[in-house]
Amino acid sequence: MDAYELITRNAEEVVTDEEVRELAAEPEGKRVYVGYEPSGVLHLGHLLTANKLIDLQEAGMDVVVLLADVHAYLNGKGTFEEIRETAEQMRAQFLAYGLDEERTEFVYGSEYQLDEEYALDLHTLELATTLNRAQRAMAELQSGEAAKVSHVVYPLMQALDIEYLDLDLAVGGLDQRKVHMLAREELPELGYEVRPCLHTPILADLTTGVGKMSSSEGVTISMEDSTEEIEQKVNSAFCPPTRDPEPDEDGNERENPVLELFEYHVFPRFETVTVERPEKYGGDLTYDGYEELAADLESGELHPADAKSTLATYLDELIAPGREKLREFRD
RNA sequence: CCGCUCUUAGCUCAGCCUGGUAGAGCAGCCGACUGUAGAUCGGCUUGUCCCCCGUUCAAAUCGGGGAGAGCGGACCA
């Protein structure tokens, strides 16, 4: 797989393709980042961008993981001390998951976001950005929460981070799109360079296949799940024998979350996938890629129940090391 | 600074006027049917009624005080 392919595989979009191709031509030493608001436990959403970071490391790039403690503070996530604690746990889980410790730089936002120069740039950005624009870019509010000034400052800081971390590429879930577009538009106004960005898909909700999987509602598989919990959650997932399910009664688009997890979590990390199946149902199956597996699910060759038990096994293997780390923190 | 409104199950809310310690829908859980899930059918669970004080035999309900949230006005002009 060449660098460009490695960098862009499983990406929902890159902005712009030309700029990313340029990076791919000479990936060695380029700095890329994802910012995470510290939370104690990583879930599959976090791990999706982590998969991309692993790809980028493999392509030769240097990875910066921003542990966004100031952002968490702005979002009302507690005191700095509490946020630090969860950030440390997060860091340990990322390393356990498979980020290369040698090529990963973990940075706390507070290391530079409180500097005078940063603050002045932030105010310049505030001056240049309409409330409406900032509001559209800000992170989703929890239901019932009222928008605060902190919430609109939040995305502006994300934009500045791209400059201050001296990055060549910004990575995030598709929900970060508006922030990145804001950054591309406003950074030049401050005399800074425009950087390309890359967005991963947003996984569908496990039980319904609708919308996005989130930790605040619905079912999420996370680093703290036991083998049994993973089996149980995967087994209760929505899984019609198709990769393109019909919309639900309310007309909402639905995905097949089981296939999504194979595509975005299992196959990127495993060369081959073996489905263990009783002789009664045809015996074991082996897949080298997502397409074959998806095709077999659609044709009926692979039954959803077997797909699920296999998925649970592989997810458990991915999660086990992080689960171990979390246990250490809690003892 | 002033005024108005709201606070009841995980969520959205009804009940309050005319006191008798609580309900609906959705969600959730369990079972049936499917070799998964969903859909369908059957069953079940859930509460410091925001807090404190008072009136009363009895307060979610009436009175007083307080807290939190939302909205509006005024000031700046």
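Excluded from the calculations below are hydrogen atoms, water molecules and symmetry mates; all remaining heavy atoms, backbone and side chain alike, are included.
When the C1' atom of B:U36 is taken as reference, atom CG of A:L261 falls 14 Å away, rounded to whole Å. A:E260 has its CD atom 22 Å from the P atom of B:U36, to the nearest Å. Residue A:K148 contributes atom NZ, which lies 7 Å from atom P of B:A69 at whole-angstrom precision. Regarding A:D205, its CG atom lies at a distance of 10 Å from the P atom of B:G28, rounded to whole Å. As a whole-Å value, the separation of A:F238 CZ from B:U36 P is 14 Å. In this structure, the CG atom of A:N256 is 11 Å from the C1' atom of B:U36, given to the nearest Å. Spacing between atom CG of A:L297 and atom P of B:U36 amounts to 13 Å, rounded to whole angstrom units. The interatomic distance linking A:E276 (CD) with B:G35 (P) rounds to 23 Å, in whole Å.
Across the C1' atoms, B:C30 and B:U12 are found 25 Å apart, a figure rounded to whole Å. Spacing of C1' atoms, B:A14 relative to B:A24, comes out at 7 Å, to the nearest Å. For the C1' atoms, the distance from B:G10 to B:G28 is 8 Å, rounded to whole Å. Going from the C1' atom of B:U56 to that of B:G20 covers 12 Å, rounded to whole Å. Taking atom P in both B:U5 and B:C62, the straight-line distance is 14 Å, to the nearest Å. With both ends at atom P, the span from B:C49 to B:G23 equals 14 Å, rounded to whole Å. Taking atom C1' on both B:U7 and B:C76, the two are 34 Å apart, rounded to the nearest angstrom. Comparing the C1' positions of B:A59 and B:G63 gives an interatomic distance of 11 Å, to the nearest angstrom.
Of the nucleotides present, none pairs with B:U61 by Watson-Crick or G-U wobble criteria with both distances under 3.5 Å. Nucleotide B:U56 forms a pair with no other nucleotide shown, judged by Watson-Crick or G-U wobble geometry with both contacts under 3.5 Å. The pairing partner recorded for B:A77 is none, the criterion being a Watson-Crick or G-U wobble arrangement whose two distances lie under 3.5 angstrom. In this entry B:G28 has B:C44 as its Watson-Crick or G-U wobble partner, both defining distances falling under 3.5 Å. Searching all strands for a Watson-Crick or G-U wobble partner of B:C13 with both distances below 3.5 Å returns B:G23. Pairing of B:C6, defined by two Watson-Crick or G-U wobble distances under 3.5 Å, is identified with B:G68.
Distance check: A:L53 CG to A:H46 NE2 gives 12.0 Å after rounding to the nearest 0.5 Å.
In this structure, A:E328 pairs ionically with A:K325, as a charged nitrogen and a carboxylate oxygen lie closer than 4.0 Å. Salt-bridge annotation for A:K77 and A:E37: present, with a side-chain N of the basic residue lying under 4.0 Å from a carboxylate O of the acidic one.
Closest heavy-atom contact between A:I7 and A:M61: CD1-CE, 3.8 Å.
More than 12 heavy atoms of other shown residues, nucleotides or ligands fall within 6.0 angstrom of atom CD in A:E126.
The 5' end of RNA chain B is approached more closely, in terms of each residue's nearest nucleotide, by A:P278 than by the other of A:P278 and A:R254.
Between A:Y290 and A:F262, the ring center distance fails the sub-6.0 Å criterion.
Note on A:P241: a base of the nucleic acid sits closer than 4.0 angstrom, heavy atoms only. Contacts of A:D248 with the nucleic acid, taken as non-hydrogen atoms under 4.0 Å apart, are absent.
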